[in-house]
Chemist: 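Take a look at the following structure, please.
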Amino acid sequence: MTKELPIDLGRLCTSLQASRLALRFPREARRRAVSHFAGSNWSEQNRERNPVNMLSLYTSIVGRNLIAKNPRVLLSTFNRSARPAVKAMERWLNKAIVDMNFAGTMRRVVTDALFSMGIAKCSLMAPAEAALSAFNIEAGKPYVQRIDLDDFVFDIHARDFSECSYIGHRIRVPLAAVMDDKRNYGRTRKDLTASSDSKFNQEGDERVSVLFRGYFGQDDDEIEDMVDLWEVYLARHKLVITIPDDCLTGAMSVGKGGEPEALRVQQWIGPYCGPYQILGFKLVPGNVMVGGTIQDLIDLHVPLNQIVRKLIDQACRQKDVTLFSRGQDGDAQRIRDSRDGELVPVDQPDKINPLSMGGPNPMLFQFFIQLKEIFSWMAGNLDIMGGLSPQAKTARQDAMLNENSSRGIQDMQDSTVAATSKLLESMGWYHWHDPVAVQKAHYSVPGLPSMTRVQEIHPWNAPAVADPRTGRAEMPLRRDARWDEIDVKVDPYSMTHSTPQQRANDLDALVKSVIIPMAQLLSSQGIQFDVNQYLEIMANYRDMPDLTSIITLRDPPVQEVGSSSGAGVQPAPETTTHVRQNMPGRTRQGNDMNMMNSLAGVNAGGSPNGQAKE
């Protein structure tokens, strides 16, 4: 196996070790950030107590704005002869995206990218990996997988991932699946031994999985023997090499006098871009390693929660006591036993004084409010982006702020869409070149939405079949051109969440802006607007089941010849009246200012009632 390699395997293993050492600090930084993100209530091992978990809030809001559901894909090509097959492929691929839970995989990749880098792999399922997934995906079938940073390695001498001479990752598979597969794995498999699921990487840093399972799991807790393997893609040579983990630091490593030997060498089968797609939101000039946005926010998250914990402790220590002079026990007893509003006779009232001790420090609380504002500002205005509170006095001003805040994550959305497009393009490449699969796409007959047809896409070598109606031999729809030749453009869309209310608003806007103004033109072409169906859809979207109870569905009246009424009549123009009212508003910043002023014991804004001016 080793003689077939165009490179020296020993030098490759040495380079892999250097890459793993260089990635140690990013792995440790990510582990600290994940620890704060998870919080102390997530696992016994995690001790980070975060009453105000800003990282969790940021991840949920921004992640939902990047990908919230399975995307739909639009395929287009300038090759006219391939357009029918590409269109059918689009319908089939949209269904395959849902079946493979693509959104679940991408959601984890996007979350990884917020912390450090997101890594996704699209390739054919290796035999050992198919055994790991309980053969839910057969060996040789395409799949999309998330790769964890703890298991990742790449050429650190490159300036960009497009220049990396190799990229790879570690896989942990059943030992028996490798030992029994002599067809795919060479004689080196006989030297493999079971490896423990270590809580530490070979470079000494803790793996992120320790945060959940802790140190309780022993090496022999797994139900069967497992082995760690490294799968490395050589970009220039278009080869995929599988080597045992012992080739890096074990007995087969060069450092210990061993001779590394590949377990499997295979020609790369897939698109020219290779198997890995990297998603990074923070590009560092002159460096291949990307960063995550949380790396810039955690230094605000940590002191913010330290202050909150201190304020909570101060509030818990706060108490009110009453001081009295010695010999005034009777007066003190009567005051203690009195009820609210009761008159209490005392001999020497000046000898009895209430005392309040402790409580949150006003200056510390003001600093907490300021840190929270800075965090929201650095995160792209979380309050308006997540709809947590109004930021302006009017709805129009809030809408403008919301539009501007969405521009703050536009670059992140563009990066996510680009990575998603590449992955879906790779999936399309595999399915287009599948030598045996017949892909079936369901679609509705135009004008008859209740009727559906099934369109089949056959491989390039599919024979002609006889038409049951005419008996003639006809060529089925085939994938008879290379994916690269037809130049398919893959455009994913509809990745963010859309509520039924939003879909109702979009439908209502379409009816008002397109269908009603074009009613006469549509009627001349035999297209009628079904108001009954429109009201039924709107009732479902707006959760108004009573809407169908207040309308009566009946056949439309027959129009007489020459009648002026009908679908071609233009509706009366709407009359809109704009009324401007000067309404006072309260924003979260004003409420925070009022709270700080109350704690400080001063009037805010010079107003007599102590309310801050908006």
Side-chain angles (χ1 to χ4, degrees), residues 65-103 105-107 109-110 113 118-124 142-145 160-162 235 238 268-281 283 409-435 437-444 446 455-460 477-496 498 506:
N65 279 274
L66 297 178
I67 182 168
K69 60 180 181 179
N70 281 309
R72 296 187 62 82
V73 64
L74 180 66
L75 302 183
S76 57
T77 177
F78 290 103
N79 190 325
R80 292 181 177 271
S81 61
R83 284 181 181 176
V86 170
K87 195 63 179 179
M89 181 75 173
E90 174 188 307
R91 300 190 189 101
W92 179 87
L93 189 58
N94 282 324
K95 181 179 181 299
I97 289 173
V98 178
D99 295 339
M100 65 186 295
N101 190 23
F102 183 81
T105 302
M106 280 304 299
R107 195 172 293 118
V109 173
V110 167
I119 311 160
K121 176 191 174 187
C122 181
S123 66
L124 298 177
Y143 75 111
V144 176
Q145 177 190 16
D160 188 81
F161 278 104
S162 61
K238 294 295 182 286
W268 165 243
I269 302 175
Y272 193 78
C273 62
Y276 299 96
Q277 291 298 328
I278 308 300
L279 178 60
F281 297 136
L283 302 180
I409 62 170
Q410 186 64 48
D411 184 62
M412 300 169 65
Q413 290 174 337
D414 293 342
S415 299
T416 304
V417 170
T420 303
S421 177
K422 277 294 185 181
L423 289 172
L424 294 178
E425 185 177 351
S426 297
M427 287 293 296
W429 190 98
Y430 283 114
H431 291 293
W432 184 267
H433 291 285
D434 195 312
V438 177
Q439 298 157 359
K440 298 181 180 181
H442 299 262
Y443 66 97
S444 300
Q455 192 173 29
E456 295 182 348
I457 320 173
H458 293 259
W460 64 274
L477 190 61
R478 303 191 307 183
R479 307 185 293 270
D480 56 357
R482 292 180 58 86
W483 181 264
D484 301 332
E485 293 175 354
I486 60 179
D487 191 21
V488 177
K489 183 179 180 182
V490 181
D491 294 315
Y493 64 97
S494 187
M495 296 170 60
T496 57
S498 179
D506 294 340

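What you see below is based on every heavy atom in this structure, not just the backbone, and it leaves out hydrogens, waters and symmetry mates.
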Chemist: Can you name the residues that form a salt bridge (Lys or Arg N to Asp or Glu O under 4.0 Å) with D414, not counting sequence neighbours?
Modeler: none
Chemist: Can you list the residues that meet the side chain to side chain donor-acceptor pair (under 3.5 Å) rule with Y276, with sequence neighbours excluded?
Modeler: H169
Chemist: Any heavy-atom pair between the side chains of S76 and V488 that's under 4.5 Å?
Modeler: no
Chemist: Less than 4.5 Å apart, any side-chain heavy atom of L74 and any of E90?
Modeler: yes
Chemist: How would you list, by chain and number, every residue that makes a side chain to side chain contact (heavy atoms under 4.5 Å, CB included) with A235, sequence neighbours excluded?
Modeler: Y233
Chemist: Any side-chain heavy atom of L75 within less than 4.5 Å of one from T77?
Modeler: no
Chemist: Any non-hydrogen side-chain atom of F102 less than 4.5 Å from a side-chain atom of M427?
Modeler: no
Chemist: Can you check side-chain contact (heavy atoms from CB on, under 4.5 Å) on K489 and D491, steps first, answer last?
Modeler: CA-CA 6 Å; K489 183 179 180 182; D491 294 315; 3.3 Å; yes
Chemist: Return the set of residues passing side chain to side chain contact (heavy atoms under 4.5 Å, CB included) with D434 (not counting sequence neighbours), or none when no residue passes.
Modeler: K141, V436, A437, R479
Chemist: Name the residue from N94, V98, I97 that meets the side-chain contact (heavy atoms from CB on, under 4.5 Å) definition with R72.
Modeler: N94
Chemist: Is there a side-chain contact between V144 and K121 (heavy atoms, below 4.5 Å)?
Modeler: no
Chemist: Using side chain to side chain donor-acceptor pair (under 3.5 Å) as the criterion, list what pairs up with Q145, not counting sequence neighbours.
Modeler: Y143
Chemist: Side-chain contact test, heavy atoms from C-beta onward, threshold under 4.5 Å: evaluate it for I119 versus V109 and give yes or no.
Modeler: no
Chemist: Can you list everything that forms a side chain to side chain donor-acceptor pair (under 3.5 Å) with S162? Sequence neighbours excluded, please.
Modeler: D160
Chemist: Just wondering, do P142 and S123 contact through their side chains at under 4.5 Å, heavy atoms?
Modeler: no
Chemist: Give a yes or no on whether the backbone of M412 and the side-chain of T416 come within a donor-acceptor separation of less than 3.5 Å.
Modeler: yes
